[in-house]
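Worksheet: the structure to be examined is printed underneath.
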Amino acid sequence: MNKIEQLTQANTAFLTKDLNPAQQEAVTLPVEGHALILAGAGSGKTKVLTHRIAWLILHHNIAPSAICSVTFTNKAANEMKTRLHTLMQQELPGLWCGTFHGINHRFLRIHYEHAKLSKTFQIMDSDDQLSLIRRIMRDLQIDPKINPPKTAANFINSHKDQGLRAYTLSAQNNWEALQLEVYHRYELLCNQSNLVDFAEILLRSYEALKENLELLKQYQGRFSHLLIDEFQDTNTLQYKWIKLLNGTLGNTFIVGDDDQSIYGWRGAKIENIQSFNKEFSKYKPVTEVCLEQNYRSTKPILSCANQLIAKNEDRLGKNLWTNIEGGEAVKIYAAVNGHNEADFVIKEIEHALENNMPGNHIAILYRSNAQSRLFEESLLKNKIPYTIYGGVRFFERAEIKDLLAYLRLVINPDDNAAFLRIINTPPRGIGNKTLETITQIANDEEVSYWQSAQKIKHPSLEKFIALITQWQKEIQKKEVEQQLDYLYKQSELISHYEKESKEKAEIREENIQELIIAAREYEDGNELISHAILEAGEQPVKTNHQAHECVQLMTLHSSKGLEFPLVFMVGMEDGLFPTTRSLDAEHKITEERRLAYVGMTRAREQLFLTFAGYRQLYGNQFSSFPVSRFIRDLPEEYIEIVEI
DNA sequence: CGTTAAGCAATTTTT
DNA sequence: TTGCTTAACG
């Protein structure tokens, strides 16, 4: 080793000094080659990712602009950025770090022509998508009871997630023929509207790369290093995109945990991580590193989690372990009924609070949101501060979407989704009949709803068109903030909201004002709209208390990535968890089991599993479920049955 | 066309 | 039970 090499070694030593051997191996893998980092729960995967990026830049002199780091959620992307910044104390010009959608959206804004989009294309969210599909199906006179629009949306999205366009598909039966017809019509409407849905963002990017060799070469040349977080959650299209961009020439560093794959139902393919080694080793060697040392949980908790997940077949294989000695057994409580279960949990929580455990160190995890109610009531009654995760996020609120739809329509009148949303909000005498005429003409002449509307003689409609046209002129010289303010007042949304109830109107008003203030940060309306849709905001919480230290209630799915000293997994019954719907197929139970594994590995110190002999589901129906198979699978020596 | 009552289904969630 | 969608009515 020469002196210069020694110098660079010293410079980067700080990157590896707090790492355990496996983490160190992962971070310092050779520049060339792919890597599969199998990162168990609580094994420090974000640390490995950020340190790997820093290592590439500092130790190997890789340009930041040659690195692309991809996550699934904005939260994860932001955390990555923050941690990178803290670690490196410098700007990283040209480094792309974001979500799959964020990165591909950025790509499309640059290369819209290659993607056959117009410069001002806009994104629509699943709500917009669904109303568009609903409209299409209504026009096609499809009975929504027999063929729900949700199913059609699913059909479209799941095919797009596999990279499959309508024209590439052929129907094998009547049902498929119908879904395909909707898919075709939907694609046409989106193109006329200059709109892309979430899956389309990825599909367009993928196709743009695939069909433009020059562009592909440019990006293959640029991103020599692609890092993917939560790889077990990638769907077919994302996997294709990774392979196309980086599978042959580049170096792909993937981090994930097949045992934490819980999103199969929305297209994630656990097979992607299972077959990564085989597929990617065709061009460059793949090194596998397994991070099994767990810094989170006690031995009894890990032993239970390990034994449970060992029931699954086709795992990549991994056993979490810890240095930490001791730890209490996992506690099982058999409640008489749902109320009794809630009482027990709340009593245990009170006990922990008395022993000075902060409320936010405690979590109640359940399979479905409806299960939160009993716990909420009991917490309220006992005056324990709590927060429940879930609900409508800021940019998904009706009033926000209404106002933004006005902005969208004024910027781009061909935006069919925006048109549908506000054509009669507030009510302006344009009902279903008129709408049918509009959509029929639009269908026949293959024009947007807006263009179609021009051709109809209808006083209310003419008035509406005149208004929008006038607003288009009015807002041109205004800043986004003023544009929104103007549209809000002109649209008479205020008086519309006031008709429902005073309290609701007040909340809506507050949200609108918040939106208008937030709009200051944006150059133009299009930027604001894209941001609003791609980053709809944090998951909202419902709380009974302003305090910081609230007991946390959430679904098992939303608990992924989090940790709590004290965890209650409730409703551990065959039929609730695993759900009835999963009992008919082994692969569904396997995913439920992974969900249980995720839940258990959230706990740091103490884990309670509870179930009830009977409970009231929905209204008055009493149901009784057997104890969950996931409890029966636990090792006797690490569990303790709680008697009261 | 807009309002209201009745009917009906009922995981998990991000972008 | 809740929340949403549709059919019937004014």
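Values in this document were obtained by computation on a predicted structure and should not be read as measured data.
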Salt-bridge test for [X] and [Y]: reply yes if a basic N is under 4.0 Å from a carboxylate O, no otherwise.
X         : Y         : value
Arg393(A) : Glu396(A) : yes
Arg594(A) : Glu591(A) : yes
Arg408(A) : Asp128(A) : yes
Glu592(A) : Lys588(A) : no
Asp257(A) : Arg315(A) : no

May I have the distance from [X] (atom [atom1]) to [N] (atom [atom2]), rounded to whole angstrom?
X         : N       : atom1 : atom2 : value
Lys150(A) : dT12(B) : NZ    : P     : 11 Å
His557(A) : dT13(B) : NE2   : P     : 7 Å
Phe198(A) : dT14(B) : CZ    : P     : 11 Å
Phe395(A) : dT14(B) : CZ    : P     : 16 Å
Arg266(A) : dT14(B) : CZ    : P     : 7 Å
Gln232(A) : dT13(B) : CD    : P     : 17 Å
Leu108(A) : dT15(B) : CG    : C1'   : 14 Å
Gln238(A) : dT15(B) : CD    : P     : 12 Å

Quick one: list whatever passes ring-ring contact (aromatic ring centres under 6.0 Å, His included) with Trp175(A), sequence neighbours left out.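 With neighbours one apart ignored, the set is Phe155(A).
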Intra- and interstrand pairs of DNA chain C - dot-bracket, Watson-Crick/G-U under 3.5 Å, | marks other strand: ||||||||||
Side-chain donor-acceptor distances from residues 95-102 of chain A under 3.5 Å, at least two apart:
| from | atom 1 | to | atom 2 | distance (Å) |
| --- | --- | --- | --- | --- |
| Thr99(A) | OG1 | His101(A) | N | 3.4 |
| Thr99(A) | OG1 | Gly102(A) | N | 2.7 |
| His101(A) | NE2 | Phe198(A) | O | 3.4 |

Under 4.0 Å, heavy atoms only, any strand: does [X] hit a base, just the sugar-phosphate, or nothing?
X         : answer
Asn74(A)  : sugar-phosphate
Tyr618(A) : base
Glu592(A) : base
Asn369(A) : sugar-phosphate

Who are the side chain to side chain donor-acceptor pair (under 3.5 Å) partners of Glu187(A), not counting sequence neighbours?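 Glu187(A) satisfies side chain to side chain donor-acceptor pair (under 3.5 Å) with Arg165(A) only.
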Pairing residues for His111(A) by the side chain to side chain donor-acceptor pair (under 3.5 Å) criterion, not counting sequence neighbours: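 Per chain and number, His111(A) pairs via side chain to side chain donor-acceptor pair (under 3.5 Å) with Tyr219(A).
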Atom pairs, protein N/O to nucleotides 3-10 of chain C N/O, distance under 3.5 Å:
| from | atom 1 | to | atom 2 | distance (Å) |
| --- | --- | --- | --- | --- |
| dT5(C) | OP1 | Arg134(A) | NH2 | 3.2 |

Counting only distance, no hydrogens or angles, is the base of dT14(B) paired donor-acceptor with the side chain of Thr99(A) under 3.5 Å?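 It does not, because no donor-acceptor pair links the side chain of Thr99(A) to the base of dT14(B) below 3.5 Å.
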Upstream residue (5' side of DNA chain B) when Glu535(A) and Ala370(A) are each assigned their closest nucleotide: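 Mapping each residue to its closest nucleotide by heavy atoms, the 5'-most match is Ala370(A).
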In terms of the nearest nucleotide of DNA chain B, which residue is placed more toward the 5' end: Thr73(A) or Ser582(A)?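 Its nearest nucleotide lies further toward 5', so the answer is Ser582(A).
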Does Phe577(A) form a ring-ring contact (aromatic ring centres under 6.0 Å, His included) with Phe630(A)? I'd like the steps, not just the answer. CA-CA 8 Å; Phe577(A) 187 37; Phe630(A) 302 148; 5.2 Å; yes
Those residues that, when tested against [X], pass salt bridge (Lys or Arg N to Asp or Glu O under 4.0 Å) (two or more places apart):
X         : result
Asp258(A) : none
Asp574(A) : Arg629(A)
Lys243(A) : Glu279(A)
Glu586(A) : none

Between the side chain of Thr425(A) and the main-chain N/O of Arg421(A), is any donor-acceptor distance below 3.5 Å?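 Pair found, side chain donor or acceptor close to backbone of Arg421(A).
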In terms of base orientation, is dT12(B) syn or anti, with the syn window spanning 90° either side of 0?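 Classified anti.
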Please tabulate, one pair per line, each protein N/O and nucleotide N/O from nucleotides 1-6 of chain B that are separated by under 3.5 Å, including the distance.
| from | atom 1 | to | atom 2 | distance (Å) |
| --- | --- | --- | --- | --- |
| dC1(B) | OP1 | Thr434(A) | OG1 | 2.9 |
| dG2(B) | OP1 | Gly429(A) | N | 2.8 |
| dG2(B) | OP2 | Asn424(A) | ND2 | 3.2 |

Where the side chain of Trp265(A) is defined as all heavy atoms beyond and including C-beta, which of dT14(B), dT13(B), dT2(C) is the nearest nucleotide?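 Given the options dT14(B), dT13(B), dT2(C), the side chain of Trp265(A) is closest to dT13(B).
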Ignoring backbone atoms, establish whether Ser368(A) has a side-chain N or O less than 4.0 Å from OP1 or OP2 of dA10(B).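 False: Ser368(A) side-chain N/O out of range (4.0 Å or more) of dA10(B) OP1/OP2.
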Can you pull out the residues from residues 572-581 of chain A that lie within a 4.0 Å heavy-atom distance of DNA chain B?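 Within this stretch, Thr579(A), Arg581(A) sit under 4.0 Å of the strand.
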